[in-house]
Protein chains: 2
Amino acid sequence: MDQDLENIKVTLDVVCGKWKAVILLKLYEGNLRFGEIKRSIPLIKHQTLIKQLKELEQDGLLTKTTYPDVPPKVEYSLTEYGRHLKPLLDMMVEWGEVHSDQKTTS
Amino acid sequence: MDQDLENIKVTLDVVCGKWKAVILLKLYEGNLRFGEIKRSIPLIKHQTLIKQLKELEQDGLLTKTTYPDVPPKVEYSLTEYGRHLKPLLDMMVEWGEVHSDQKTTS
DNA sequence: CAGCATCCGTTGGGATACTG
DNA sequence: CAGTATCCCAACGGATGCTG
């Protein structure tokens with residue numbers, strides 16, 4: 001029971017960065033290069049993106065593939081874990097939709 | 001599509017407080033008084049709990065019922081919204097279980 | 001193009017003390 | 001018993017500048 005609390009914290013840790021969920025959402029559409037992610041999320045800052053990607057990588061949600069070429073090319077792809085998270089993120093999107101509805105309606 | 005990002009942020013806002021998910025989890029077991037919540041989450045600080053409860057209330061996830069008696073008695077109960085969130089939280093618990101497994105196994 | 005190091009400002013969790 | 005008012009501090013998102 002209290003184990004539940006520990007478990008949910010693990011998940012929160014992984015998902016609760018300001019942009020983490022957004023990044024993951026993008027990656028479900030396919031592997032992306034750094035620049036592609038950045039372009040698809042115009043508001044995020046270069047450095048912030050790097051940080052969040054690093055955290056996601058350390059949490060085992062995605063893998064970074066570096067091609068040792070010039071110019072550098074790096075591709076990010078989801079791990080199995082990351083994919084396991086999809087239904088969760090979908091639910092969050094869905095819930096947010098309903099909830100923001102409600103807020104404006106009230 | 002970009003609307004998804006907005007929607008997920010709404011959900012994150014609601015769930016991402018350090019203790020919010022935990023509090024909600026407790027309330028699924030039934031309505032609770034302030035002191036009961038506090039006792040069931042020993043680590044949380046008095047003031048922190050008040051803040052998180054207030055935020056959850058403002059987000060429309062739970063309702064506060066104050067009995068105008070002495071000594072004060074206050075009961076917290078989930079709204080329909082809060083209940084809608086249960087499957088999500090359950091998934092988070094479940095995912096965290098698997099994920100923390102993996103971390104220790106690696 | 002992608003990344004690291006560093007600094008800064010805001011925020012939110014936490015501590016303390018007081019009220020009804 | 002429950003809540004309010006303040007203050008504090010760490011953490012995180014973000015800005016800037018430099019490297020290969």
Side-chain angles (χ1 to χ4, degrees), chain A residues 5-6 8-27 30-59 61-78, chain B residues 5-6 8-27 30-59 61-78:
Chain A
L5 309 188
E6 289 310 310
I8 207 166
K9 280 185 190 175
V10 172
T11 310
L12 284 173
D13 250 25
V14 157
V15 156
C16 277
K18 190 167 178 183
W19 298 101
K20 288 186 186 175
V22 175
I23 295 169
L24 291 173
L25 233 39
K26 293 293 180 183
L27 280 173
N31 299 356
L32 291 173
R33 299 185 53 178
F34 182 86
E36 291 174 325
I37 302 178
K38 185 151 166 37
R39 249 173 288 124
S40 75
I41 315 174
L43 289 172
I44 199 172
K45 293 303 165 184
H46 182 85
Q47 189 59 330
T48 306
L49 180 53
I50 287 181
K51 280 187 191 170
Q52 307 258 318
L53 284 171
K54 193 181 295 182
E55 288 183 33
L56 288 170
E57 190 195 354
Q58 283 170 354
D59 283 331
L61 289 172
L62 49 79
T63 54
K64 176 162 63 171
T65 311
T66 307
Y67 299 89
D69 300 329
V70 178
K73 175 180 171 182
V74 182
E75 239 186 25
Y76 293 89
S77 57
L78 293 169
Chain B
L5 308 189
E6 289 311 309
I8 208 167
K9 281 186 189 174
V10 172
T11 310
L12 284 173
D13 250 26
V14 158
V15 157
C16 276
K18 190 168 178 180
W19 299 101
K20 288 186 186 175
V22 175
I23 295 170
L24 291 173
L25 232 40
K26 292 294 180 186
L27 281 173
N31 299 357
L32 292 174
R33 299 186 52 179
F34 181 86
E36 291 174 325
I37 301 179
K38 183 149 167 34
R39 249 173 287 123
S40 73
I41 315 175
L43 289 172
I44 198 171
K45 295 302 165 185
H46 183 83
Q47 189 57 294
T48 305
L49 180 53
I50 287 181
K51 280 186 191 172
Q52 307 257 318
L53 284 171
K54 193 181 292 180
E55 287 183 34
L56 288 170
E57 191 194 354
Q58 283 169 354
D59 284 331
L61 288 172
L62 49 80
T63 53
K64 175 163 64 170
T65 313
T66 307
Y67 300 89
D69 300 329
V70 179
K73 175 180 172 182
V74 181
E75 239 186 23
Y76 293 89
S77 57
L78 293 169

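Here is how names work: the chains are called A, B, and so on, in the same order as the sequence lines, proteins then strands, and each is numbered from 1.
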Next on the checklist: Are the side chains of A:Leu49 and A:Trp19 in contact, using a 4.5 Å heavy-atom criterion?
Outcome noted: no

Checklist entry - If you check every side-chain atom of B:Trp19, which of C:dG13, D:dG3, C:dA2 has the closest atom? => result C:dG13

Item to check | Parallel, tilted or perpendicular: rings of B:His46 and B:Phe34 (30°, 60°) | outcome: perpendicular

Checklist entry - Counting distance only, does the side-chain N/O of B:Glu75 pair as donor-acceptor with the main-chain N or O of B:Thr65 below 3.5 Å? => result no

Checklist entry - Once you round it to whole Å, what is the distance between P of C:dT11 and CG of B:Asp13? => result 13 Å

Checklist outcome for this item: Heavy-atom closest pair (A:Lys20 atom, A:Val14 atom, distance to 0.1 Å) is CD-O, 3.1 Å

Checklist entry - Do any side-chain nitrogens or oxygens of A:Arg33 fall under 4.0 Å of OP1 or OP2 in C:dC1? => result no

Next on the checklist: If I take atom NZ in residue B:Lys20 and atom C1' in nucleotide C:dG13, what distance separates them, rounded to the nearest angstrom?
Outcome noted: 12 Å

Checklist outcome for this item: Correct closest heavy-atom pair for B:Tyr76 and B:Leu62 would be CD2-CD1, 3.9 Å

Checklist outcome for this item: Atom CD1 of A:Ile37 and atom P of C:dC1 are separated, to the nearest Å, by 15 Å

Checklist entry - To the nearest angstrom, how far is A:Tyr67 atom OH from C:dG3 atom P? => result 13 Å

Next on the checklist: With nearest nucleotide decided by heavy atoms, which residue, A:Gly17 or A:Pro72, maps closer to the 5′ end of DNA chain D?
Outcome noted: A:Gly17

Checklist entry - Across the strands shown, which category fits B:Tyr76 at heavy-atom distances under 4.0 angstrom: base, sugar-phosphate, nothing? => result sugar-phosphate

Next on the checklist: Measure NZ/A:Lys38 against C1'/D:dA15 and give the value in whole Å, please.
Outcome noted: 12 Å

Checklist outcome for this item: Rounded to whole Å, CG of B:Leu32 lies from P of D:dC1 at a distance of 15 Å

Checklist entry - At what distance, to the nearest 0.5 angstrom, does NZ of B:Lys18 lie from NZ of A:Lys9? => result 7.0 Å

Next on the checklist: Using whole Å, what does the distance between atom C1' of nucleotide D:dG14 and atom NZ of A:Lys18 come to?
Outcome noted: 8 Å

Item to check | Nearest-0.5 Å distance, OG of residue A:Ser77 to CG of residue A:Leu61 | outcome: 12.0 Å

Item to check | Atom-pair distance (CZ on B:Phe34; C1' on C:dG20), nearest Å | outcome: 15 Å

Checklist entry - Is there a residue in residues 43-55 of chain A whose heavy atoms reach under 4.0 Å of DNA chain C, and which residues are they? => result A:His46, A:Gln47, A:Ile50, A:Lys54

Checklist entry - Contact class for B:Lys64 (heavy atom, under 4.0 Å): base, sugar-phosphate, or nothing? => result sugar-phosphate

